[in-house]
Amino acid sequence: MGGRQILREEARFGWLSLSPALGFFGLFVGFPIVYAFYLSFHEWNMMSPEPTWVGLDNYAALLRDETFIRSLVQTAVFTVGITGCLVVFSLATALLLDQKLKQIRLYRTIYYLPAVTSVVAVGIVWLWIFDPQYGLLNQVLRGLGVAGPRWLADTRLALGCLVVTAAWRNVGYFATIFLAGLQGIDTMYYEAARIDGAGAWGCFRRITWPLLRPTTLFVVVMSVILSFQVFALVYVMTGGGPDGATSVVVFYLYQQAFTYFRMGYAAAIGYVLFGAIFVLTLLQFRFFGRHLEV
Amino acid sequence: MNSQARRRAGRGPATYVSAGLLLAVVLFPFLWLLQMSFRPNEDILGYNLLFRPTLEHYRALRVGHFPRSFGNSAIASVTSTLLSLLVGVPAAYALSRGRFRASRRIALWVLATRMAPPIAFTIPFFLAYRYLGLLDTIPGLVLIYLTFNLALVIWLMRTFFDGVPRALEEAAWIDGSSIWGSFLRVTLPLAAPGLAATAVLCFIFSWNDFFYALILTRTKAMTAPVAIVNFMQYEGWEWGKIAAGGTLVMLPVVVFSLIVRHYLVSGLTAGGLRE
């Protein structure tokens, strides 16, 4: 084959092998995005044959919906809590894994397991841990002579329990991202610092932490995107309760759509969420396109 | 791996103790679930220190809808994995080798679909499925799993194909091979380990799905995670049975994760969303 012929064949081959995938994405990603947008301007409980046009009413109603506002606040609390936990514990884990341990690969794989395990299995385990009667936590507290609270049934504690569970599940995942960042730091800096008499803490504060800033920012953005969307843990562990204390945005959306069949209203909530995540994702691409090529 | 000096500096008994402690924190819940699934209910609730193993919970799972839901999970996961490889691998190859300007941008947008909140997609899917009669069917599940598996396949396989030297393909062309021929006979075999890892990750993501199955299935196509949550809600707190179901759902994922552990990191990072 001549060079030009190969180029032409390659271009044809390229588009031919790309088109099924692109067609699929157009249909299965494009359609829902457009249709959800259309629905968000309508009212529809699926009983009437057609959705009714209501303009911006759904969006306006959201601003006055106290339960929605509450779910937003609770999502924000969850997001801040989990992001804080993840930065601290993932970074600590990554620093630990960055040591020259024997069997390091095995440790890493095992630390990873919670992240790849079914959220339902994770929910079961932690439901048991938090069980007021038989759970590990209260058994231990009883052994110490303290009466434990009713964790997931306590309106003040339930959301915190979910944060702990989600943190346990995600630490290994984010630790790996931090680890990649750590291994990108040139050892030269540490050698120089040591000659100047810096200790471990000084090295961390003056070198590691500042140089890890892009990684930390990436972790924060990823954690926020994931936290905005928390649903399954809530569904499995608390069902939004007690008394709505763990109802987050996606859970509220789910109820509006699939308990009350307010499809248009739910679509509007979905669009608000989608908008927020879209902006975050764009930011992420702008700043971290490089990081995504792990 | 340029940090020999720094790593050696921190290694010591304290490091091993903390690594071991962390290991215990991670592993304990898994092991506890496992042992719970082999204990009679009265021992789970009453804390009999004596371990009297029983298979009664696993036996209890054999009746009712659990076996069928387990089968549904397996069929839906395997089918969607195979289909997404079929569609995604050639696309990934084109994006890796293709000399079109758009290829990097397309790859980024493909990944972006993994970041979009599934809930925003689900209402339109639910309505379309209701209209098309795809609710509570396995093909319906397979199609929705394709949307996220396909993105994963394209993203991962693209990086694996990037690792296969172009010169090998060019050599095959000089020997008279076509592009299809060099792709099938040279590139694909060299990317085979990556292909296997990608397949396993697709399987894991579909197998773990709870969200889509909860909304798009009822009884016929119900998957194992949904079945377990159902018997948590409707059959009271039978911890033993719940633990046995959880263990069975966890098992294939743990085994597969250990098999592809070297690729887990890139797979999960590209996977982004896992719930």
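Numbered from 1 within each chain, the chains take letters A, B, ... in sequence-line order.
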Evaluation steps, ring pair (Phe, Tyr, Trp, His ring centres under 6.0 Å), between A:Tyr254 and B:Phe211: CA-CA 10 Å; A:Tyr254 169 82; B:Phe211 184 77; 7.4 Å; no
Aromatic ring proximity B:Phe28/A:Trp126, centre distance under 6.0 Å: no
Ring centroid separation B:Phe210 to A:Tyr235 under 6.0 Å: yes
Is it the backbone or the side chain of [X] that comes under 4.5 Å from a heavy atom of chain B, or both, or neither?
X: A:Leu95; answer: neither
X: A:Leu179; answer: neither
X: A:Ile277; answer: side chain

4.5 Å side-chain heavy-atom contact, A:Arg12 and B:Ile179: no
Best-contacting candidate, A:Ala121, A:Gly270, A:Ala21, A:Pro20, against chain B by heavy atom pairs under 4.5 angstrom: A:Ala21
Max heavy-atom pair count under 4.5 Å with chain B, selected residue of A:Leu282, A:Leu127, A:Asp131, A:Val34: A:Leu127
Plane angle bin for A:Phe13 and B:Tyr93 - parallel if under 30°, tilted between 30 and 60°, otherwise perpendicular: perpendicular
Tell me, side chain or backbone of [X] under 4.5 Å from chain A's heavy atoms, or both, or neither?
X: B:Ile228; value: side chain
X: B:Trp207; value: neither
X: B:Leu150; value: both
X: B:Ala128; value: side chain

With respect to chain A, which residue among [options] yields the maximal number of heavy-atom pairs within a distance under 4.5 Å?
options: B:Ser84, B:Ala224, B:Pro124, B:Gly245; result: B:Pro124
options: B:Val254, B:Val153, B:Ile215; result: B:Ile215
options: B:Leu143, B:Ile154, B:Val226; result: B:Leu143
options: B:Gly88, B:Pro225, B:Ala19, B:Ser18; result: B:Ala19
options: B:Leu146, B:Val229, B:Leu214, B:Val87; result: B:Leu214
options: B:Val253, B:Ile119, B:Val25; result: B:Ile119

From CD1 (B:Ile123) to CG (A:Leu39), nearest 0.5 Å: 7.5 Å
Between CG on residue B:Leu22 and OH on residue A:Tyr107, distance to nearest 0.5 Å: 10.0 Å
B:Asn208 side-chain N/O to A:Val116 backbone N/O, donor-acceptor pair under 3.5 Å: yes
Nearest non-hydrogen partners of B:Thr147 and A:Phe25, listed with the distance: O-CE2, 3.8 Å
Non-hydrogen atoms of A:Leu96 and B:Thr15 that approach each other most closely: CD1-O, 3.7 Å
